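Remarks on the structure that follows.
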Amino acid sequence: MKANSYHPIWYQRNRPYAKFCKQAVITNGFTGSAINEVQDRIVREWNTALDAKRVDKEDITLDIMPEISLAFYYGAFAANGYNLFSFKNTLGEMLANTSAADVPISALKSPFPVYFIQFHKPICWGKLEITGAYVIDEEAFPVLQVCLVIKPMSETAHWLSSPSGYFYLPLSRDSEEPLGNLINKTIDSEIVNKWKHATNSMPILDVSVKDVREQRVKRETMDLSSAKASIKEAMEYVANCLCYLSTHDTFDKELPMDAPPALLEKLALAKTDKQKHKVQSQLKSMGYFPVTYVSIKANDVNELMVRSDSVDVGRRLHWRRGHWRNQRKGKSLLETHIIWIKPTLVGEGVSQDAVREYRLTD
């Protein structure tokens, strides 16, 4: 996958304030001060672009309020080590055909406080594509935060004409609901809360200032309502990815496939840590930071991808869904350990060779 296909890499390249957002979070942490600094910097870059006539005012489509939040999520991601997990095709398809609905949120163990999950393929909402999610799993927060990101309509346009939408969904850590119910209730709650936020807002007394908060929340609420099925599908996929990352820790880390060959050669020939760090810094400044590829071993898949029993005789090749089983362990069986009961390809109509080719494609 090319570098620009990953939202954090595209964002760093497209937004002139991306690196500043990282520093703001490093300096101030997850605080209002960090958000205020991010906001001030975006406004400064906005005004500079207009003054320098880098973009026509009529071509601006960016909404500054959502952009501030998205910039903060990126800043948190960068400040915590650029941890990007890219799920490869075979494993991604298996997880997409697995249910994590019965898993308690307490069973999830994130590999890092902040990271990004790249979907193996986008989840469509009309013409829009949900391609991944920022995850903030910081113990100091009472919620596990998931920010589903939408591929920008134009990846090459000026940043003021290239908004990237997102859906923010906070999953309560204190909930005793399994993930399936928790995700559904969180989506419904976000729709209601957006409207309450608008109707309960303090009125703007200055008559010269146009209050667009209600119009914005109507639009965002409509977006959430119309996209509910896609958001649910994306969150169910994220839940399975979180379960997988909670139970596996051996992955491959590589640079994006379009990283400059000359720098890759320099990195391979580097003899000292100082030389390696210098090349790695060059690559990172260009947006080429390492990607952790999450895949399943071919040997683990071979026994699953077979045509099965008489129940499926006469049916086309299809997935029999998997699930995550909760297993109690520890003193008084208070701890929950999850075990993946993998999905299986079953049915008829496709040769064994074709099945083998399908399952090994990554």
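Heavy atoms only: backbone and side chains are in, while hydrogens, waters and symmetry mates are out. All of these numbers come straight from a predicted model, not from anything done at the bench.
The minimum heavy-atom distance linking P122 with T131 is given by the pair CB-CG2, 4.2 Å. The minimum heavy-atom distance linking A101 with P178 is given by the pair O-CB, 3.1 Å.
When side chains are defined from C-beta on, S86 does not count as touching F116, because their heavy atoms never get closer than 4.5 Å. At a threshold of 4.5 Å between non-hydrogen side-chain atoms, the residues V149 and L70 count as touching.
Cation-pi check for R13 over Y74 is not met; the charged atom does not lie both under 6.0 angstrom from the ring centroid and within 45 degrees of its normal. Annotation: cation-pi pair R41/F20 present, NZ/CZ under 6.0 Å from the ring centroid and within 45° of its normal.
Judged purely by atom type and a 3.5 angstrom limit, N80 has no side-chain atom pairing as donor or acceptor with the backbone of P113.
H323 and T98 are not linked by any side-chain donor-acceptor pair at a separation below 3.5 angstrom, with hydrogens and angles left out of the test. At a cut-off of 3.5 Å, with distance as the only test, a side-chain donor of S110 or Y115 sits close to an acceptor on the other residue. Looking at W324 and S99, their side chains never bring a donor and an acceptor atom within 3.5 Å of each other. No hydrogens or angles considered: nothing links the side chains of E67 and Y166 as a donor-acceptor pair under 3.5 Å.
Checked for salt-bridge contact, D188 and K228 meet the test: a charged N lies under 4.0 Å from a carboxylate O. Ion pairing between a basic and an acidic side chain is recognised when a charged N comes within 4.0 Å of a carboxylate O; R54 and D59 show no such pairing.
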Let's go through W125 and I231 carefully: what are the C-alpha distance in whole Å and the side-chain angles of both, what is the deciding distance for side-chain contact (heavy atoms from CB on, under 4.5 Å) to 0.1 Å, and is it a yes or a no? CA-CA 8 Å; W125 166 38; I231 296 172; over 6 Å; no
Report the C-alpha distance between E93 and K121 in whole Å, list the side-chain angles of each, state the deciding distance to 0.1 Å, and finish with yes or no for salt bridge (charged side-chain N to carboxylate O under 4.0 Å, His left out). CA-CA 9 Å; E93 281 299 312; K121 64 180 182 182; 3.0 Å; yes
Set out, in order, the CA-CA distance, both residues' side-chain angles and the distance that settles side-chain contact (heavy atoms from CB on, under 4.5 Å) for Q23 and T27, then state yes or no. CA-CA 6 Å; Q23 195 56 48; T27 304; 3.4 Å; yes
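Atom CG of N47 has more than 12 neighbouring heavy atoms from other residues, nucleotides or ligands inside a 6.0 Å radius.
Checked against a 6.0 Å centroid threshold, the rings of Y237 and H120 count as neighbours.
Between F77 and F289, the ring-plane angle classifies as tilted under the 30° and 60° cut-offs. Below 30°, between 30° and 60°, or above 60°: for Y168 and Y73 the angle between ring planes is below 30°, a parallel geometry.
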